[in-house]
There are 2 protein chains.
Amino acid sequence: MSEPYTNTVFQAIADPTRRRILDLLKKHEHPVNSLHEHFDMTQPALSQHLRVLREVGVVSRRRQGRQQIYCLNAVMLKEVYDWVGHYEQFWRGKLNALGEYLDATQDEAS
Amino acid sequence: MSEPYTNTVFQAIADPTRRRILDLLKKHEHPVNSLHEHFDMTQPALSQHLRVLREVGVVSRRRQGRQQIYCLNAVMLKEVYDWVGHYEQFWRGKLNALGEYLDATQDEAS
DNA sequence: TTGACATATAAGTGAATACTTATATAATAG
DNA sequence: CTATTATATAAGTATTCACTTATATGTCAA
């Protein structure tokens, strides 16, 4: 009945647009207009996604002239990596057994 | 402007309740009522979370008498692990203070 | 100072989400 | 069969979300 989990980073990366932003920032830092070229949405919509990422702490920004340069702060993703890493043993071994993944019925149905 | 990302698994694990369900199933399989003891919500609410996890494919179930036994299908989490794993170098470099310029060597590739 | 540029915030909207209670289905016990 | 147990679905609701347009802020250039 306890609540030992937080929401933040996992929710931030739940959105595909925000994952794409992170992937772009992984290559190198970007000002907003440079990021904006990659997305089919308005600039305010993008800025709102950037705000989510900022509030979670997975990106940071600095001003450079009129631009805001966003860059990755990947340390916050370690929480995700650590959590999902605890499941690694479960998919290792199963993969080479039957290819991509077994059907939902694991009772020798195939 | 492309859309090479899907939503499914990342969104499924965005909710803390669903991550807790997976953590319970990681220990061993569970019928619904056994899972329900761990959560402060109604049984239908829990069943709806289980449905989300099922539809994404990260859990499966089989009937055993009146019970539905849920068990983990962790292969679907590999997508998350792989995605976030591409960021590992960034926090490793920063955590042990080897300096940013180690990260700077991934400007090319991918 | 004025105007253009770069980005952020405000306000509004429709859809999705996470819950609730009520009911349906499914298996077993009597 | 009927009643009980176990789980799922239906329907309703309040909140959150991802977007939009309009406007505000902040920087630079003329």
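Computed from a predicted model, the values in this text were never measured in an experiment.
When the C1' atom of C/dA18 is taken as reference, atom CG of B/Leu46 falls 13 Å away, rounded to whole Å. D/dA10 atom C1' lies 13 Å from atom CD of B/Gln43, rounded to whole Å. Atom P of nucleotide C/dA27 and atom CZ of B/Arg62 are separated by 15 Å, given to the nearest angstrom. Taking atom CD on B/Glu37 and atom P on D/dT5, their separation rounds to 16 Å, with Å as the unit. Computed from coordinates, the B/Ile69 CD1 to D/dT7 P distance equals 8 Å when rounded to whole Å. In this structure, A/Phe39 atom CZ and D/dC19 atom C1' are separated by 14 Å, rounded to whole Å. Computed from coordinates, the A/Asp40 CG to D/dT20 C1' distance equals 13 Å when rounded to whole Å.
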Exercise. Take A/Leu53 and A/Leu25 through the test side-chain contact (heavy atoms from CB on, under 4.5 Å) and record every step on the way to the result.
Key: CA-CA 12 Å; A/Leu53 294 171; A/Leu25 295 181; 5.7 Å; no

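For B/Gln11, counting side-chain heavy atoms from C-beta on, the closest listed nucleotide (C/dT20, C/dT7, C/dA16) is C/dA16.
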Identify the pairs formed between an N or O of the protein and an N or O of nucleotides 27-30 of chain D at a distance under 3.5 Å, and give each distance.
none

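Linking Ile, Leu, Val, Met, Phe, Trp and Tyr whenever their side-chain heavy atoms come within less than 4.5 Å puts B/Trp83 and B/Tyr81 in one cluster. Residues B/Val9 and A/Trp91 fall within the same hydrophobic cluster, defined by Ile, Leu, Val, Met, Phe, Trp and Tyr side chains chained together at heavy-atom separations under 4.5 Å. In the hydrophobic cluster analysis, where Ile, Leu, Val, Met, Phe, Trp and Tyr join through side-chain heavy atoms closer than 4.5 angstrom, B/Val52 is grouped apart from B/Phe39.
Side-chain N or O atoms of B/His36 include none that pairs as donor or acceptor with a backbone N or O of B/Pro44 at under 3.5 Å. B/Arg54 contributes no side-chain N or O that, together with a main-chain N or O of B/Val59, makes up a donor-acceptor pair within less than 3.5 Å. A/Tyr87 places a side-chain N or O within 3.5 Å of a backbone atom of B/Leu22 that can act as its donor or acceptor partner. Not a single donor-acceptor pair under 3.5 Å links the side chain of A/Arg18 to the backbone N or O of A/Arg20.
Each of B/Val32 and A/Pro44 was assigned the nucleotide of DNA chain D with the nearest heavy atom; the assignment lying further toward the 5' end belongs to B/Val32.
Against DNA chain C, the stretch residues 48-58 of chain B makes heavy-atom approaches under 4.0 Å through B/Gln48, B/His49.
Nucleic acid contact class of B/Pro31 (heavy atoms, under 4.0 Å, all strands): sugar-phosphate only. B/Gln67 comes within contact range of the sugar-phosphate backbone alone, with a heavy-atom separation under 4.0 Å but no base atom that close.
Within the structure, every side-chain polar atom (N or O) of B/Gln68 is placed at least 4.0 Å from both OP1 and OP2 of C/dA26. Phosphate proximity of C/dT7 to A/Arg61: absent, as no side-chain N or O sits under 4.0 Å from OP1 or OP2. Between A/Asn33 and the phosphate of C/dT7, there is a side-chain N or O to OP1/OP2 separation shorter than 4.0 Å. Within the 4.0 Å cut-off from OP1 or OP2 of C/dA8, at least one side-chain nitrogen or oxygen of A/Tyr70 is found. For C/dT7, the OP1/OP2 oxygens have no side-chain nitrogen or oxygen of A/Ser47 closer than 4.0 Å.
In terms of the side-chain hydrogen bond (donor to acceptor under 3.5 Å, both in side chains) criterion, A/Thr42 has no residue partners (sequence neighbours excluded).
A side chain to side chain contact (heavy atoms under 4.5 Å, CB included) with B/Ile69 is found for exactly one of B/Arg62, B/His30, B/Arg61, namely B/Arg62.
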